[in-house]
Structure formats: C-alpha cells, structure tokens
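Heads up: the structure comes next, in structure tokens.
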2 protein chains.
Amino acid sequence: MAKQLDESGTASRILDVAEELVQTRGFDGFSYAHVAVELGVTSPSLHYHFGSKAELGEALIERYAARFLEALDGIERDGADSLAKLGAYARVYGDVLRRRRMCLCGMLAAGYDTLPEKMRDAVIRFFDENERWLARVLEEGARDGSVAFGGDARDVAQSIISGLEGAMLVARPYGDAARFDVAARRILDGLVKRR
Amino acid sequence: MAKQLDESGTASRILDVAEELVQTRGFDGFSYAHVAVELGVTSPSLHYHFGSKAELGEALIERYAARFLEALDGIERDGADSLAKLGAYARVYGDVLRRRRMCLCGMLAAGYDTLPEKMRDAVIRFFDENERWLARVLEEGARDGSVAFGGDARDVAQSIISGLEGAMLVARPYGDAARFDVAARRILDGLVKRR
DNA sequence: GTCTATAGGCAGATAGAC
DNA sequence: GTCTATCTGCCTATAGAC
C-alpha cells in the first residue's frame, strides 16, 4: 500500500492500454480514441483523468520507470553474482519483447524530437538511472571477479543499454524473440572473464 | 547516369526533405504539409509526384537502401582488411547520427506496426541485405585472420546491426555523438583477435 | 507541374448536462 | 466520472483550373 496506488482504478487501466499502444505504435501513433475504444468509454472521459496527451505520456514514463527500477531492485536483492544480475537485467528486456512490445523509453527515444519537453526529460532520466544501476553492478562484478571489462564502467553500461535497446528494435519487425536472445547473449559473453 | 536518375529534380528534392523528416520525427510524425512548406510549394503538388504517403515512404526506403548498399560497395572496393571494413561500416552509421538523424530503417523499425505492408517488407529487406554484407565480411575476416568471433557469422552480423542501431537510438536524445562512438568501438573491439 | 478549393476523416481538447 | 455535443485544427487525398 504505497505511493503508486493513489491512482483510481480507471486511471491505471487507461495507463495499461496507453502503455501497450505506445510500446507498439509509438507516441505519435496512438490517440485518446484508441484507448477509449479499448476501454469501452468515450475519449472526453479520458481527459478527466489525464488533462492532456502530454500529461498522460509523463505518467506513462513515470510508472514504467518506477516498475522497471523495482524489477532491478528485485534483481539486486536476489544476491547472485554480478554476471547473473546482468543476465537477469537482459531478461527484463527480453520479457518486454516477448509480449511483442518495444521498451517504452526506447520507443520514445525514436520519436524524441516530437515529444513534449517533460517527456523528454523523463526519458533521459530513465536511461540515466539504468546506466547508474548497471555501472554499480559492473563495478561490483569487477571486484568479485565475475565480470571483466576494459575501460569505464559507465561506458560499458551505456553500451549494454544501447545494445539491448537495439536488439529489441530490430527483433520486433521480425517477430523473432530468438533474434534478441542471440544478441543479448553476445553482449553478456563480452563481459565474461576471458580465459 | 544510371537507373536512380529517372526521378525529376522535384521528386528527389521531395525525397530529400521527407527523408530528413522521417529520420528525425518518424513516419507518423511528418506530413505532406511539412514537406511542402520546406520546399515552398503546396501539399497537393506533392501528390503529383507521390500519389500516397505509402508510395512516398516506399521510395524513401528504396533510395536510402540503394545509397547505403552503394556505400558498402565503396567500402568493399577499398580493399582494406575485414576489420577495417567493419570500422568503415560503423562510420556510415556514425555519419548519419552526426547529421542528427536516426537510421531511416531503424526509425521505421520503431514504428513498424503502423507501416503500410510494402514499407514493412522494404525495411526487412534493408536489414537482411546489411546482414548478408556483414556476414560476408566477417567470414572473410575469419579467413584472413583480421577478425575473430565465435558462433555463426550471421548471428554476429545481426548483433552488429542491432548494436549500432541501438547506439544511434540512445545517443540521439542525448545529442551526443561520442556516446555512439564509444558503443561502436566496444562492438568492434569484441571482434578483434583476443591476445 | 503547380495551383485553389474542397472533401472527409481524425486529432486533441473543452463545455455543460447528467 | 462519464456522457453528448462541439470546436478547431491538421491530416491524406481528389477535382479541376491554369
């Protein structure tokens, strides 16, 4: 019973539908009408919950980022070694793709130029937070010896994020999750101590 | 004086403007009106050259893919070793990004679900052709010893494409080409013979 | 080839009844 | 909270004059 439950049931159902639409069609490819039809209501009623499309978009990213970071917390708590954590991290992306969706923020990154400013900031924040989490895990892995890499952990973290986002981006048109898995595996293999 | 010059000057100027718009705003984020304003004409006149937005989109991909493959032919002809060719390949992507654009087909891959079918097919073709080219270079590199990798060359090729597409996707919101360069470098470094 | 005029639809958003 | 009605604007596309 925490902060994220101050949304009425309707608001969160709106977010559910809008989230799927944005993840599959992009922010410029969905409308209030799409959401309304899916929910069996009229579009003006959506405006009661989210005054503008920009507000809806902001709420979308906020919830997505919060859940994403929660998942990362869960990985953290599992107490496995760092390499296993990186594997679990990649699996979070893979799970999104297996539901035939693009990462919400990856999708928004594509249409970045057309986004309202607050949404832009939130997208950047999402990537920054992911980068911080990954860099921490990487440095921990370098200490405990489960991971090996040259250069700055931040740079490696950025490469992992962009590698996984790109793997989702390209795998989706093919409708082929295995394509993602292969790319993800190669990214992780590059972080294993070289024998 | 070849096949690609059967377009009137106007048609190719339309393609120029539309290309930039799609690469920065996505297919659902640009309109005939945007192009028309930029060219100082009215939108109906665009319909004379490209009957529908779908046709314009198809022509866009066709020209982009043709030029892209030409660039790859140029790399091929330079006769450097395979690792150098892969570096040049990555630079093609980097050059696009430095013009503040996303790869046209990477952008279209994001909005894939909203594309007309012929455009979808053309996007897939683009990736397939890139994969073929890369796999050939990788196999050549494995033979001449300039490149080292485990597993299938096709899988490695796919990973390179998705890695570079993702690096562009994420670097663009940050307006930071260096971010791309770092990720691209790490991809290439993973293909250098391990000492 | 490019224009004006216009059709017909869908977008995001607001007003006001219930 | 959700509805109907409506506004304004932009969209793709066509007809027909020049």
Side-chain angles (χ1 to χ4, degrees), chain A residues 5-61 107-108 110-120 122, chain B residues 5-61 107-108 111 113-120 122:
Chain A
L5 293 178
D6 58 337
E7 271 147 5
S8 78
T10 306
S12 100
R13 279 168 55 227
I14 293 169
L15 289 173
D16 290 342
V17 174
E19 186 178 71
E20 197 209 321
L21 285 166
V22 175
Q23 288 185 272
T24 52
R25 304 176 52 94
F27 194 68
D28 292 331
F30 96 104
S31 71
Y32 271 50
H34 287 136
V35 179
V37 166
E38 192 74 21
L39 290 178
V41 297
T42 59
S43 8
S45 87
L46 302 187
H47 280 278
Y48 172 82
H49 299 278
F50 301 95
S52 70
K53 200 181 174 186
E55 282 171 51
L56 173 54
E58 291 159 34
L60 232 33
I61 307 175
M107 183 63 92
L108 296 175
Y112 194 78
D113 288 17
T114 70
L115 293 183
E117 200 173 338
K118 284 186 184 170
M119 287 185 67
R120 292 189 187 190
Chain B
L5 292 179
D6 57 337
E7 270 145 6
S8 78
T10 305
S12 99
R13 278 168 57 227
I14 293 169
L15 289 172
D16 290 342
V17 174
E19 185 178 71
E20 197 209 322
L21 285 166
V22 175
Q23 287 184 273
T24 52
R25 305 177 51 95
F27 194 68
D28 291 331
F30 97 103
S31 71
Y32 271 50
H34 287 136
V35 179
V37 166
E38 191 74 22
L39 290 178
V41 297
T42 60
S43 10
S45 87
L46 302 187
H47 280 278
Y48 172 81
H49 298 278
F50 302 96
S52 70
K53 201 182 174 187
E55 283 171 50
L56 172 54
E58 291 159 35
L60 232 32
I61 306 173
M107 183 63 92
L108 295 175
D113 288 16
T114 70
L115 293 184
E117 200 173 336
K118 283 186 185 172
M119 287 185 67
R120 293 189 186 190

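Here is how names work: the chains are called A, B, and so on, in the same order as the sequence lines, proteins then strands, and each is numbered from 1. Predicted model, so just to flag it, every value in this text is computed and none were measured.
Under a 3.5 Å cut-off, the side chain of K118(B) and the backbone N or O of E55(B) do not form any donor-acceptor pair. Not one N or O on the side chain of Y32(B) forms a donor-acceptor pair closer than 3.5 Å with the backbone of L46(B).
Regarding D28(A), its CG atom lies at a distance of 18 Å from the P atom of dC10(C), rounded to whole Å. Rounded to a whole Å, the NZ atom of K53(B) is 19 Å from the P atom of dG9(C).
At a threshold of 4.0 angstrom between heavy atoms, the contacts of Y32(A) are confined to the sugar-phosphate backbone, with no base atom among them. Backbone-only contact: S52(B) has heavy atoms under 4.0 Å from sugar-phosphate atoms and none from a base.
Nearest-nucleotide positions on DNA chain D for P44(B) and S31(B) put S31(B) closer to the 5' end. Of the two residues contacting DNA chain C, namely G51(A) and A33(A), the nearest-nucleotide position lying further toward the 5' end is that of A33(A).
In this structure S31(A) satisfies the side-chain hydrogen bond (donor to acceptor under 3.5 Å, both in side chains) test together with H34(A), sequence neighbours excluded.
Chain B approaches DNA chain D within less than 4.0 angstrom (heavy atoms of the protein), and the contacting nucleotides run 5' to 3' from dC11(D) to dT14(D).
Rounded to the nearest 0.5 angstrom, F30(B) CZ and T114(A) OG1 are separated by 13.5 Å. For the atom pair CD of E19(B) and OG of S12(B), the computed distance is 10.5 Å after rounding to the nearest 0.5 Å.
For residues 22-44 of chain B, there are no salt bridge (charged side-chain N to carboxylate O under 4.0 Å, His left out) pairs, not counting sequence neighbours.
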